[in-house]
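What follows is a single structure, written as structure tokens, with notes after it.
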Amino acid sequence: MDSIVISNLRQRPLRSAISVIGVALGVALVMLFTGLAHGMSDDLQKRSSNVSAEIIFTRPGSMQLTSSSANLNTKYVELLRQVEGVESATPVIRYFYPSGTWGVDQVEGVEWDSFSKMNNIRIIQGHPPNGPNEVVIDETKAKRNHPVGSTLKIFGEKLYTVAGIYAPESGARAKLTLASLQDSLEAPGKCTFIYVKVKNPADQIAVAKRIDQQFPGNKIQLTREVFATIENSIPGLSIFMRVLVLLAAIVSALVVMLAMHTTITERTREIGILKAMGASRTYIIGEIEREALLISFLGLLVGFALAGIAGFGIHKATGLIFEFGWKWALTAAAIGLLGGAIGAFYPAARAANLDPVAALAYE
Amino acid sequence: MATILKAEKLEKVYRVGKVDVPALRGVSLSVQEGEFVAVMGPSGCGKSTMLHLLGGLLTPTSGRIVIDGEDLTAASDAKRTDIRRRKIGFVFQRFNLFPTLTAEGNLRLAERIHGNGADDPDRRREILRMLRLEDKMHHKPLELSGGEQQRVALARAVVNRPAIVLADEPTGNLDTENSELVLKMFRELNDRFNQTIIMITHNPEAAAACQRVIQMRDGHIV
Ligand SMILES: Nc1ncnc2c1ncn2[C@@H]1O[C@H](COP(=O)(O)OP(=O)(O)O)[C@@H](O)[C@H]1O
Ligand SMILES: [Mg+2]
């Protein structure tokens, strides 16, 4: 054993461990947050993009991100079907409700036949929802211990029976019949929005205009623009991510800096010996940086492991989806290593500048 | 015999706050290759200061030092470090081994800093045999006696074939028996490898074993 770097770390196992964990926490934080943002937006994208209707017809103010109401009369469905260029129309209630401690979840009420036909959704097991007590769910939800035939609470205390499982995923993971949800929400004859599919997608803007002229005062959105909104929310997210990454870098740098600073104060005499032996400034800075990089590297490994374990645990407990990307893993790695290297630099430079005679006399 | 070290009119003034403390007041000294020189004198007379100047750990206030043909006083800080690395081996009173490394590790570290690897394994082995360290190499300093630690420090100082070994009271922390043993090793290194040595000591018997004794007083050689 002739490496002062490794023997130093072994000499002070507790301090080394704390430094490693400090870096690991920074790395794990970056991985978890970016993994969650990635997982959730990907999931949202996937479920939104399985909607094949080009137009969404709603009342103004009836649909925000986390709240909705059933205030649109379903009589518009028949009227929309008669508009020139429209192939089909199907009413949907989307209802958001609090779930878990912090979460919000959503359920949809649909007219199964027209909804599934329009969006090419198949029942892969069981049968479509029928009557007020049946629900169909997608495969992701089914995997969370909800087989066909089991019962399920959605909101309130009412128990629903899982009648079937559908694919692909689209919109809310649980779907009731329109009538059932109307009944629960005491909104007979109402829905939240109506999906409109046009005969020729190239004509969608013209058809949207026509609908607007015929039924003024309603809100007509193109599905592709709703997707764009999801996309657009990501730059804001990425600023948040960058701030987070910066903070993680600062935390890593400070942890390593503190560790190196105390190490060097404690080893002042050893630095004096190195100087007496003719070690150059570069050599001394190099040794200290190697120690810092080793700490950071171990921190990285622990951080990745921590993120993986925590991500899995949180997914199991809450259903939140984590998707760890290479790009962010590399960023986190760079952050941990760079933070460590930069944090160690100041103490290292101070050590290299110590007066050898004074360092040798240090008690 | 070639002159391996030459110091001319060395002066060193320490500045403590606003007070000047003169530690060396004009010391000139010439040491030949293969000489074993003892430096004696009362505490505070400037022995350590002189040794630190000769080894390039300090810069003189005035004067000139040439070691093995290289001018130490004209050199930059980095250059002085480099000369020290190639030409000087230090031995201290308090051994100054790296406590986390084994004896072997301490030696390897010296070799790594010097940058020659183990360029002469025979010499290395011979030094270890001579210092009777062969079976101590895997021990850490705290597992060794003071005498053994100082022998490891001595091995570390000479393993890279320095032009000169500078020792500051190397037996100051040792009992009589170990002092004699370590002194014997200094002498053998001098005999066998023609190693040039300058050694500060308070021990008259140690000084008697040297070829030359330099007496110092109040920053002068007397
Ligand atoms: N770093 C320093 N700052 C101020 N004065 C010093 C310093 N080092 C040594 N001295 C003074 O210089 C003189 C010579 O010291 P030193 O060379 O250590 O003597 P010796 O080794 O012979 O005992 C003493 O008066 C000492 O107090
Ligand atoms: Mg002294």
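Residue numbers begin at 1 in each chain, while the letters A, B, ... track the order of the sequences.
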B/His52 and B/Phe90 aromatic ring geometry - parallel, tilted or perpendicular at 30°/60° bounds = tilted

Greatest number of non-hydrogen atom pairs under 4.5 angstrom with chain B, of A/Arg281, A/Arg269, A/Lys275, falls to A/Arg269

Is any side-chain heavy atom of B/Glu148 closer than 4.5 Å to a side-chain heavy atom of B/His139?
-> no

So what's closer than 4.5 Å to chain A heavy atoms on B/Leu166: side chain, backbone, both or neither?
-> neither

Given side-chain contact (heavy atoms from CB on, under 4.5 Å), test B/Asn160 with A/Met277 step by step and report yes or no.
-> CA-CA 10 Å; B/Asn160 294 314; A/Met277 289 162 76; over 6 Å; no

Backbone N/O of B/Ile67 and side chain of B/Lys6: donor-acceptor pair under 3.5 Å | no

Interchain contact, A/Glu270 with chain B, by part (heavy-atom threshold 4.5 Å) | both

Honestly, the part of B/Arg86 sitting under 4.5 Å from a heavy atom of chain A is neither

Give the member of B/Gly89, B/Pro99, B/Pro162, B/Gly56 that has the highest number of heavy-atom pairs under 4.5 Å with chain A.
-> B/Pro99

Roughly how far, to the nearest 0.5 Å, is CD1 of A/Ile342 from CD of A/Glu289?
-> 9.0 Å

